[in-house]
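First comes the structure, then the notes that go with it.
Bear in mind that the values here come from a model prediction, so they are computed numbers and not experimental data.
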Amino acid sequence: MEAKPAAVDSRPREPRTRGSQRLGAYLRRLRVGYGYSLRRVEERARAEGGEIDNSQLSRYEKGLCYPSFDKLRVLASVFNVPIQTFSDVVDLEAFEHLKPETSDPDALMEAGTAALKKGEVARAFACYERALEVLQEAPGKVEHAVRIARARLSLASALYRLGKLSLAEQELRHALRTGVADEPLFQAQLILTLANVHADQGDWVLAELEAERAHEIARAAGHELLAARALHTVARVLADQGRHLESIERYRQAAALYEKCGETHEAVRVRVNIGGCYVGTGRLRESLRLLRAAMLEARAGGYRRQQARAWSFLGEAHYKLGELDKARRCFKESDALAGIDEAYPDILFLNAYYTWRMAQDTGNTTAEKIAFGRLKALRSRLERRFPEIDAFDAQIERGRSDA
């Protein structure tokens, strides 16, 4: 799995005078999971070149004070987790008020699924996390282990949608260690979600293998919707690698299965992505036609993210055609949809990236600086990897080398 690019500033938000109960609980889970005592962590920290005495760690775990960035860097090495994970854990405190008070795990899981279908990812996360908490408090029976594993899968899906990739991967690996992971369809769901996480982390070879494996299992079981989702993931991995013609074929297969299963939203999402692949192949006029048609479908269905994505692809196509005024209008439309509560930072990043490129091309230094500042702010929120992020990171690295 690729390391976090140096361009990312993953420092937790400071200053902070009080600790974080959520971060404290997370540090305690990591320590207990490794079987370490407080003093053992102190010894491991010293071996990593840092100093964290056991009383300090105890205060962190109790949420009495907040570790400095240097302390978190040492703890990340001790527990072998990306430092971004600690920042992600703290970010999730913002959703604590969304957590339902009910202790009925079935009702909580249903509420989470309903929220996810509406695009209310934060609420879905809160419901799934509460369901997992309730289930973990109950006696450890075999059927309970199954329910816990399924709750972990749902929680991982919500974390993935929130962009908390390392945390999503941890939940998936917990679920894979249970006996229920031997059940083929559940195993396929776990593997497929893991494939999406690895794809967003830029580990495309592993992601493609996992998605293909999930597709084989789903097809053998005759589960057409899961097969469609697996094909969808294979297609996006191929597109991320620039293998657009192969991607288009897989997207079309996925779209046909989605239509058969009545999954209109997913079918529209795939058609937007097909239009994006046509942009990647250089068939720009054809991409405009496909994207406009997909845009109308997304608008009719009220699918805000897909509308924003289609506008972004249209902007990219017009940019490559040299139609800069049209490109700017498209990116502006996309920003208006993606920027509500900054819900879609990946789309906002793409829009800012091409705005930055256009400013460079036209020698507009003021617009270039504004877009560059926007990119830096958005980049710190993205764990996901795609070509424009890699290009931006490379530019940052070159700037540091020149300095």
Side-chain angles (χ1 to χ4, degrees), residues 5-9 163 202 236 239-242 244 247 272-296 298-299 304-382 384-403:
V8 178
D9 180 5
R236 66 73 59 108
D240 283 346
Q241 296 176 81
H244 296 295
S247 177
V272 170
N273 288 332
I274 289 173
C277 285
Y278 271 81
V279 177
T281 64
R283 297 166 65 179
L284 300 174
R285 294 297 176 190
E286 180 68 5
S287 75
L288 293 176
R289 183 186 67 79
L290 291 169
L291 287 165
R292 286 169 186 147
M295 169 77 71
L296 292 174
R299 186 179 295 158
R304 180 159 64 93
R305 178 177 171 84
Q306 303 319 316
Q307 291 179 70
R309 194 75 178 97
W311 277 117
S312 190
F313 278 138
L314 283 167
E316 184 183 346
H318 284 301
Y319 167 71
K320 291 180 176 179
L321 285 166
E323 299 169 350
L324 301 191
D325 286 340
K326 289 183 179 179
R328 291 188 188 96
R329 286 197 293 273
C330 290
F331 292 131
K332 187 175 180 180
E333 292 284 353
S334 181
D335 278 346
L337 290 159
I340 300 173
D341 299 326
E342 296 211 332
Y344 309 128
D346 55 333
I347 296 177
L348 292 171
F349 183 93
L350 285 168
N351 299 342
Y353 177 82
Y354 285 104
T355 301
W356 177 55
R357 291 285 301 273
M358 287 188 290
Q360 289 179 317
D361 294 345
T362 58
N364 188 333
T365 55
T366 301
E368 181 182 350
K369 288 178 181 177
I370 292 170
F372 185 77
R374 182 74 170 133
L375 284 170
K376 283 174 55 176
L378 289 164
R379 181 64 183 93
S380 66
R381 297 175 54 196
L382 292 169
R384 183 182 170 192
R385 301 289 301 280
F386 45 81
E388 288 82 1
I389 278 184
D390 290 339
F392 179 71
D393 288 347
Q395 178 77 16
I396 293 287
E397 201 55 47
R398 282 195 296 272
R400 287 178 175 172
S401 300
D402 293 343

Residues at least two apart in sequence or cross-chain that pass side-chain hydrogen bond (donor to acceptor under 3.5 Å, both in side chains) with R289, listed by chain then number, are E286
Kindly say whether L337 contributes a backbone atom to a donor-acceptor pair with the side chain of R304 at under 3.5 angstrom? yes
Is the gap between the ring centers of F313 and Y278 under 6.0 Å? no
Can you sort out the partners of Y353 under side-chain hydrogen bond (donor to acceptor under 3.5 Å, both in side chains), two or more places apart, ordered by chain and number? R357
Are the side chains of V279 and L314 in touch, meaning some heavy atoms are under 4.5 Å apart? no
Excluding sequence neighbours, so at least two apart, what forms side-chain contact (heavy atoms from CB on, under 4.5 Å) with A367? A359, N364
Report the residues that fulfil ring-ring contact (aromatic ring centres under 6.0 Å, His included) with Y319, sequence neighbours left out, ordered by chain and then residue number. Y354
Report yes or no: does S312 contribute a side-chain atom to a donor-acceptor pair with the main-chain N or O of A308 at less than 3.5 Å? no
Salt-bridged, D240 to R236, with N to O below 4.0 Å? yes
For K320, all residues meeting side-chain hydrogen bond (donor to acceptor under 3.5 Å, both in side chains), sequence neighbours excluded: E316
Using every non-hydrogen atom in the two residues, find where Q306 and A298 come nearest and quote the distance to one decimal. CB-CB, 3.9 Å
So, using side-chain contact (heavy atoms from CB on, under 4.5 Å) as the criterion, who are the partners of K332 when residues are at least two apart? none
Could you list the residues that satisfy salt bridge (charged side-chain N to carboxylate O under 4.0 Å, His left out) with R292, not counting sequence neighbours? none
With sequence neighbours left out, write down each residue that passes side-chain hydrogen bond (donor to acceptor under 3.5 Å, both in side chains) with D335, or none if nothing qualifies. N351
Can you list everything that forms a salt bridge (charged side-chain N to carboxylate O under 4.0 Å, His left out) with R309? Sequence neighbours excluded, please. none
Hits for side-chain contact (heavy atoms from CB on, under 4.5 Å) against Q395, two or more places apart or cross-chain, chain-then-number order -> W356, R398
Sequence-distant partners of A239, side-chain contact (heavy atoms from CB on, under 4.5 Å), two or more places apart: H244, S247, C277
What's the separation between atom CG in L291 and atom CG in L296, rounded to the nearest 0.5 Å? 11.0 Å
Under 4.5 Å between any side-chain heavy atoms of L324 and H318, yes or no? no
